[in-house]
**Student:** 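Take a look at the following structure, please.
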Amino acid sequence: MRIAFFDSGIGGLSVLHQAQNHAPHHDYIYFADSEHAPYGAKPAAEVRDLVFAACDFLADLQPDALVIACNTATAVCIEDLRGRYEFPVIGMEPAVKPALAKVARDRVLVLATSLTLQEVKLEALLEKLDPRGRCDKLAMDKLVNFAEQNCFSGAEVEAYIRSQLSHYDLNSYGAVVLGCTHFSYFKPALSKVFGSDVALIDGNQGTVRHVFDCLSSLHGADALSEVQHPPQTTFYRSGKVAAAGMYESYLDRLAGCF
Ligand code: DGL
């Protein structure tokens, strides 16, 4: 199988990382639209055009499935993408359900980009899953800029996280949802601020499980166990083939964040 992953930048590598762990024998394609990142503070129409251009590029490579490893792109246009291509398109949404299940009484803080927080998709999800209103929402757009600048810790990152949280009572939260794939890189920094008792929950594993369930029901379990010799991962940066080294070092970094 050949599975394509799309994100505005290096965030979706946190989902690719899970997929490679789960099924190392497949071919993967990763597209980082880093020339246009971050998406989260752009108007929805602009993000939609960028996502369509990138996904049309990936569609020409004929993947068996496309993973929109970006909560923002999913919030803006996942239904349109599903109607546009023949292969399955799997999106991501903030992992509100596992977070609410994990903490019985405490509150849950959903971190995401401004655009994800603005879109109706998250509102609908919260209306369905959180009738008691246990979730609060907070934008952390600048973490995406930090990640794209290869800065994942240190005084500046910590000061930004603390300033965003200054109006929130940190003791009231039992779980924090990482509703942007870039935020996985900041698990150590977030843990330092929230304390190690607060669960940091992303939707990566659930998404990967869903991708392989989808492929298995479409092609059969045997097709999924077929081994590509040797399996390959190809990286693209905004439509141009990119050297693997830098992306592999991000994947290594992520391995230390889980
Ligand atoms: N990684 C993305 C997400 O999951 C997009 C971040 C951005 O480009 O602002 O939302």
Side-chain angles (χ1 to χ4, degrees), residues 4-19 30-55 58 66-78 81 89-96 99 109-123 125-126 137-152 157 160-161 164 176-187 189-190 200-208 210-211 235-239 247 250-251 253-254 257-258:
F5 284 73
F6 164 75
D7 182 41
S8 65
I10 61 167
L13 291 170
S14 60
V15 193
L16 173 66
H17 162 79
Q18 293 283 344
Y30 186 84
F31 187 115
D33 196 12
S34 294
E35 271 179 28
H36 304 111
Y39 282 0
K42 287 185 165 60
E46 188 180 338
V47 168
R48 202 183 136 90
D49 289 349
L50 290 168
V51 176
F52 279 5
C55 293
L58 287 169
L66 168 61
V67 183
I68 304 300
C70 175
N71 294 263
T72 310
T74 301
V76 169
C77 57
I78 193 72
L81 291 170
V89 180
I90 291 104
M92 298 213 53
E93 58 187 16
V96 171
L109 183 61
V110 181
L111 304 180
T113 65
S114 297
L115 193 47
T116 301
L117 296 184
Q118 241 162 262
E119 287 293 305
V120 291
K121 213 168 173 15
L122 179 62
E123 272 320 302
L125 186 75
L126 290 174
K137 299 176 291 181
L138 176 64
M140 284 268 185
D141 292 317
K142 215 173 153 194
L143 289 186
V144 179
N145 300 68
F146 281 126
E148 292 294 320
Q149 289 156 14
N150 200 18
C151 174
F152 304 101
V157 168
Y160 171 69
I161 295 172
Q164 290 300 95
V176 172
V177 175
L178 307 182
C180 167
T181 50
H182 279 78
F183 296 173
S184 293
Y185 291 97
F186 298 95
K187 279 186 177 177
L190 288 165
L200 303 176
I201 299 179
D202 63 50
N204 297 352
Q205 250 176 356
T207 302
V208 166
H210 184 49
V211 171
F235 297 91
Y236 293 91
R237 187 182 195 275
S238 300
Y247 294 96
Y250 287 129
L251 287 165
R253 169 177 287 279
L254 285 161
C257 290
F258 286 96

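Order of appearance sets the numbers: ligands from 1, and atoms from 1 within every ligand. Because the structure is a prediction, the values reported are computed rather than measured.
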**Student:** Going by the order shown, which atoms of ligand 1 are within less than 4.0 Å of some heavy atom of C180?
**Tutor:** 1 (N), 2 (C), 3 (C), 4 (O), 6 (C), 10 (O)

**Student:** Would a distance-only check, ignoring hydrogens and angles, find a side-chain to backbone donor-acceptor pair under 3.5 Å from D202 to L178?
**Tutor:** no

**Student:** Give the residue, atom name and distance (to 0.1 Å) of the protein heavy atom nearest atom 7 (C) of ligand 1.
**Tutor:** Y39 N, 3.3 Å

**Student:** Distance from Y185 atom OH to C151 atom SG, nearest 0.5 Å?
**Tutor:** 13.5 Å

**Student:** Using heavy-atom distances only, which candidate in N71, I68, N145, D33 approaches atom 4 (O) of ligand 1 most closely?
**Tutor:**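 Heavy atom nearest to atom 4 (O) of ligand 1 belongs to N71.
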
**Student:** Give the atoms of ligand 1, by number and element, whose distance to some non-hydrogen atom of T72 is under 4.0 Å.
**Tutor:** 3 (C), 5 (C), 10 (O)

**Student:** For S8, counting its heavy atoms only, list the atoms of ligand 1 lying under 4.0 Å from any of them.
**Tutor:** 5 (C), 6 (C), 7 (C), 8 (O)

**Student:** Based purely on interatomic distance, does T181 place a nitrogen or oxygen under 3.5 Å from a nitrogen or oxygen of ligand 1?
**Tutor:**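 The answer is yes, given that T181 and ligand 1 share an N or O pair closer than 3.5 Å.
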
**Student:** Between CE of M92 and CG of N204, what distance do you get to the nearest 0.5 Å?
**Tutor:** 4.5 Å

**Student:** What part of D7, side chain, backbone, both or neither, has a heavy atom within less than 4.0 angstrom of ligand 1?
**Tutor:** side chain

**Student:** Relative to the heavy atoms of C70, which atoms of ligand 1 are at a distance of less than 4.0 Å?
**Tutor:**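 The atoms of ligand 1 under 4.0 Å from a heavy atom of C70 are 2 (C), 3 (C), 4 (O), 5 (C), 10 (O).
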
**Student:** With sequence neighbours excluded, what pairs up with E123 under the salt bridge (charged side-chain N to carboxylate O under 4.0 Å, His left out) test?
**Tutor:** K137

**Student:** Just by modelled atom types, is the I10 backbone N or O under 3.5 Å from a matching donor or acceptor in the E148 side chain?
**Tutor:**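 Yes, because the side chain of E148 sits within donor-acceptor range (under 3.5 Å) of the backbone of I10.
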
**Student:** Considering only heavy atoms of G40, which atoms of ligand 1 have at least one such atom less than 4.0 Å away?
**Tutor:**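 Here the atoms of ligand 1 in question are 7 (C), 8 (O), 9 (O).
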
**Student:** Given 3.5 Å as the limit, does a donor-acceptor pair link the side chain of Y30 with the main chain of L16, or not?
**Tutor:** no

**Student:** Under 3.5 Å, side chain of E35 to main-chain N/O of R237, donor-acceptor pair present?
**Tutor:** no

